[in-house]
Amino acid sequence: MWSSNAIVLALLLLVGHVLGQSCPGYSSFSQMRNPPLSTGAYKLAYQRPSPECRTFNSSLVEDALSGLKDEIYDVDLYRLFENTYPNTLDTAVKWRGVAANNSEEELAFIITGDIDAMWIRDSANQIAPYKMVLKNSTDKLASVFRGVINLQARYLIISPYCNSFQPPPESGISPAQNGGIYSVTPPYDRNIVFTCNFELDDFGGFLQLSHDYYTATGDADFFGKFQWIEAVQSVLAASEAMRAATYGPDGKWIKPAYTFQSQTMSASGTLANNGVGMPVNYTGMARSPFRPSDDSALFDFSIPANMMLSRYLDATAAIMDQLPNAPKGLAGQMRDMATEIRDGISHWGVVKAPSGKQVFAYEVDGFGGQNLMDDANIPSLLSAPFLGYLDKNDTVYRNTRDFILGRSNPWWCEGPYINAVGSPHVRPDAAWPMAAIMRAMTSDDDMEIITAIKEILRSTDGLGLIHESVNSFDTSDWTRQWFTWANGLFGQMIMDLADRKPHLLKESFQPFFIEKD
Ligand SMILES: *[C@@H]1O[C@H](CO)[C@@H](O)[C@H](O)[C@H]1NC(C)=O
Ligand SMILES: *[C@@H]1O[C@H](CO)[C@@H](O)[C@H](O)[C@H]1NC(C)=O
Ligand SMILES: *[C@@H]1O[C@H](CO)[C@@H](O)[C@H](O)[C@H]1NC(C)=O
Ligand SMILES: *[C@@H]1O[C@H](CO)[C@@H](O)[C@H](O)[C@H]1NC(C)=O
Ligand SMILES: *[C@@H]1O[C@H](CO)[C@@H](O)[C@H](O)[C@H]1NC(C)=O
C-alpha cells in the first residue's frame, strides 16, 4: 500500500530531480516503489539511484548486469538482481582516498547503510560479491578491494577487539555519534571506534576478503606494501588471547583479555557475569563473546566463526609465504592455529542431537555446554561449505543441515510466504532472506534452489531489495530497508548460479496466482 507520506516524498524527489537538487537519501529512497516497476506479477520497483547519485561506477559490474539480461528469463528475478548486485557500490562507498602518511596506500570507507560507520564484517561481505567480476589488479574496482583491506588493517592494528569504526581522519567526515554507555576493556578511542563488540568473524572477514582479492588478481605484492602483515600479527595475538581458559592450571580465575558491559534493555546487548561472559575451558578455539548478529553469545566458542577463522588463516598463509618482508615463521603460526582450531571443532563442536545423529553445535563452552541452533547471519552452520571449511557432502554437515532447516532448530521460521532460518536478533517468525540465499548457495538440488528463490522473490514487499527479516506470515512486516550485505549476497548467488547451474536462470519464478499489490 502507498501511504500518503510516500506519495509526498515521491513528489518532493521528483521536484528535486527536475531542479537538479542533491541526491535523495537512500534510507528513504529504498522505502519507496520507484518506477519503472517490473512487468511480472510482483511489479518490483527499480531501486538503483540515478547514475549521478551512485557512490561508485564499475563497468565490470555494469557488464555483468547487461550480460545476464538475456540469460535470466523471469523479469522479476532480473529486476531483483539488477537492484541488488550493485547496491554496495551504488550506495555505500562513502569515501575513497589515500593515507595521510603514504599516498600509495589506498583507503575505502564503506558504510553498512544508514549509520556512517564501517563494520569489519559487513564491509568484507559487502565487497566480496564483486570478486565474481574482478580479474586483475589494474581495474579501478580492484582499488576498492585494496582500500577496504588497508583500512580494515589499520583498524585491526589499533583496536583488534572492536567491530565497527569511524571514518578515517583523511576523509574529513566527522565521527558518527554513538550515545551508548559502555564499559569495555581494553579501552578504545571513540573518535576511531564506533562500537566495540568482539566478534571473531571480523578476523575471518578480513582474511576472507584478503584471500578473495589475491585469488581474483594474483597480486601478492600488495600485501607486503602497507600494514597487512602487522594486521595479521594483531589478529593472531588477539585470537591467542581469546583462546585462554577461564581457570589457570592452579585453578585460579584469570581475567579475560576482553570484557564488555553496556546499559541496555536487551539481554543480548551486554555480556553476562558483569561483562566477562560465561566460563570456558581450553579447546584450541577462540572465543567470540558476540555473534555475527552483534548479539551476545550463550557459549563463547562459536563453531561457525571458528570454522571461518581456521579456513582463512590457512588460506592466507599462502599469501604470507610469498612476502619477503614477512617475519620468519609467521605463515607457520597461521597454519598451526588453523589446525588447532580445526581439531577443537572436531573434538568439542560435534555433538549428539536429540535425533541421535552427530551434528555441529552452534556454540560450546568446552565443559560440555552446547547450544543447538543456527542463526541466519553468516558465518552460520548452514554456510560451512560456502566458507570453504568442508564439502557439502560431509556427513556431519548433512545431518546438521537437516537439523537446521526444520523445527528442530529453535530459530527456524516457517509460514505461507517464506521458510528460512531467522535470528534472535529480531524475533521468532521473522525469517531472514539471507538464510534462504545461503540455502540455495549450498545446495545442488534444483528443486530446493528454485523453491528458495521463489520465496525470496515474493518476500520483498514489492520493493525489490533484500530485507534483513520478513515475517513468514506477512510480507509487509519486515526489518531494514537498506541492508547492502544481503543485497550483494543475492547478486552473488545469481552470479554463482550463472556459472554453476545456468539452466535454473531459464526458469519462471512467477507465482501460480497473481498476488494483490
Ligand atoms: C557515476 O557516473 C555518473 C554518470 O553516469 C556520474 O554522474 C557520477 O558522478 C559517477 N559517480 C562517481 C562516484 O564517480
Ligand atoms: C600511518 O598512519 C596510520 C594511521 O594514522 C598509522 O596507523 C601508521 O602507523 C602510519 N604509518 C607509518 C609508516 O607511519
Ligand atoms: C584487467 O582487466 C580489465 C577489465 O577486465 C581489462 O580491461 C584489462 O585489459 C586487464 N588488464 C590486464 C593487464 O590484464
Ligand atoms: C577441559 O579441557 C581439558 C583439556 O583441554 C580436558 O582435559 C578436560 O577434560 C576439560 N574439562 C572438562 C570438564 O571437560
Ligand atoms: C556429493 O554427492 C553427490 C550426490 O550424492 C555426488 O553427485 C557428488 O559427486 C558428491 N560430491 C563430492 C565432492 O563428493
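Computed from a prediction, not measured in an experiment: that's the story for all the values here. Just so you know, these numbers use all the heavy atoms, side chains as well, and skip hydrogens, waters and symmetry mates. Every number for a ligand or one of its atoms is a count from 1 in the order of the listing.
Side-chain N/O atoms of Thr270 and Ser262 include no donor and acceptor closer than 3.5 Å. A donor atom on one side chain and an acceptor atom on the other are not found under 3.5 Å apart for Tyr161 and Glu199. Checked by atom type, the side-chain pair Ser123/Gln152 shows a donor-acceptor distance below 3.5 Å. Side-chain N/O atoms of Ser302 and Ser288 include no donor and acceptor closer than 3.5 Å.
The option with the heavy atom closest to atom 11 (N) of ligand 3, from among Thr217, Leu134, Asn136, Leu141, is Asn136.
The nearest protein heavy atom to atom 5 (O) of ligand 3 is closer than 4.0 Å.
The part of Thr55 lying near ligand 1 is the backbone, judged by heavy-atom distances below 4.0 Å.
Judged by a 6.0 Å distance limit and a 45° cone about the ring axis, Arg342 is positioned over the six-membered ring of Tyr389. A cation-pi arrangement, defined by a distance under 6.0 Å to the six-membered ring centre and an angle within 45 degrees of its axis, is absent between Lys69 and Phe81.
Among protein heavy atoms, the minimum distance from atom 9 (O) of ligand 2 is reached at Gln227 OE1, 3.7 Å. In terms of protein heavy-atom proximity, atom 7 (O) of ligand 1 is nearest to Glu52 CA, 3.4 Å. Here the heavy atom of the protein found nearest to atom 1 (C) of ligand 1 is Asn57 ND2, 1.5 Å.
Residue Leu60 has at least one heavy-atom neighbour below 4.0 Å for each of these atoms of ligand 3: 4 (C), 5 (O). Taking every heavy atom of Arg154 and a limit of under 4.0 angstrom, the matching atoms of ligand 2 come to 4 (C). Below 4.0 Å from some heavy atom of Arg54 lie the following atoms of ligand 1, by number and element: 11 (N), 13 (C). Proximity to Pro51 (heavy-atom distance under 4.0 Å) selects the following atoms of ligand 1: 1 (C), 3 (C), 5 (O), 8 (C).
At least one N or O atom of Asn101 sits closer than 3.5 Å to an N or O atom of ligand 2.
Ion pairing of Arg335 with Asp321 is present here, as a side-chain N (NZ or NE/NH1/NH2) and a carboxylate O approach within less than 4.0 Å.
Not close to ligand 2: Glu105, with no non-hydrogen atom less than 4.0 angstrom away.
Considering only heavy atoms from C-beta on, Tyr258 comes within 4.5 Å of Val184 through its side chain.
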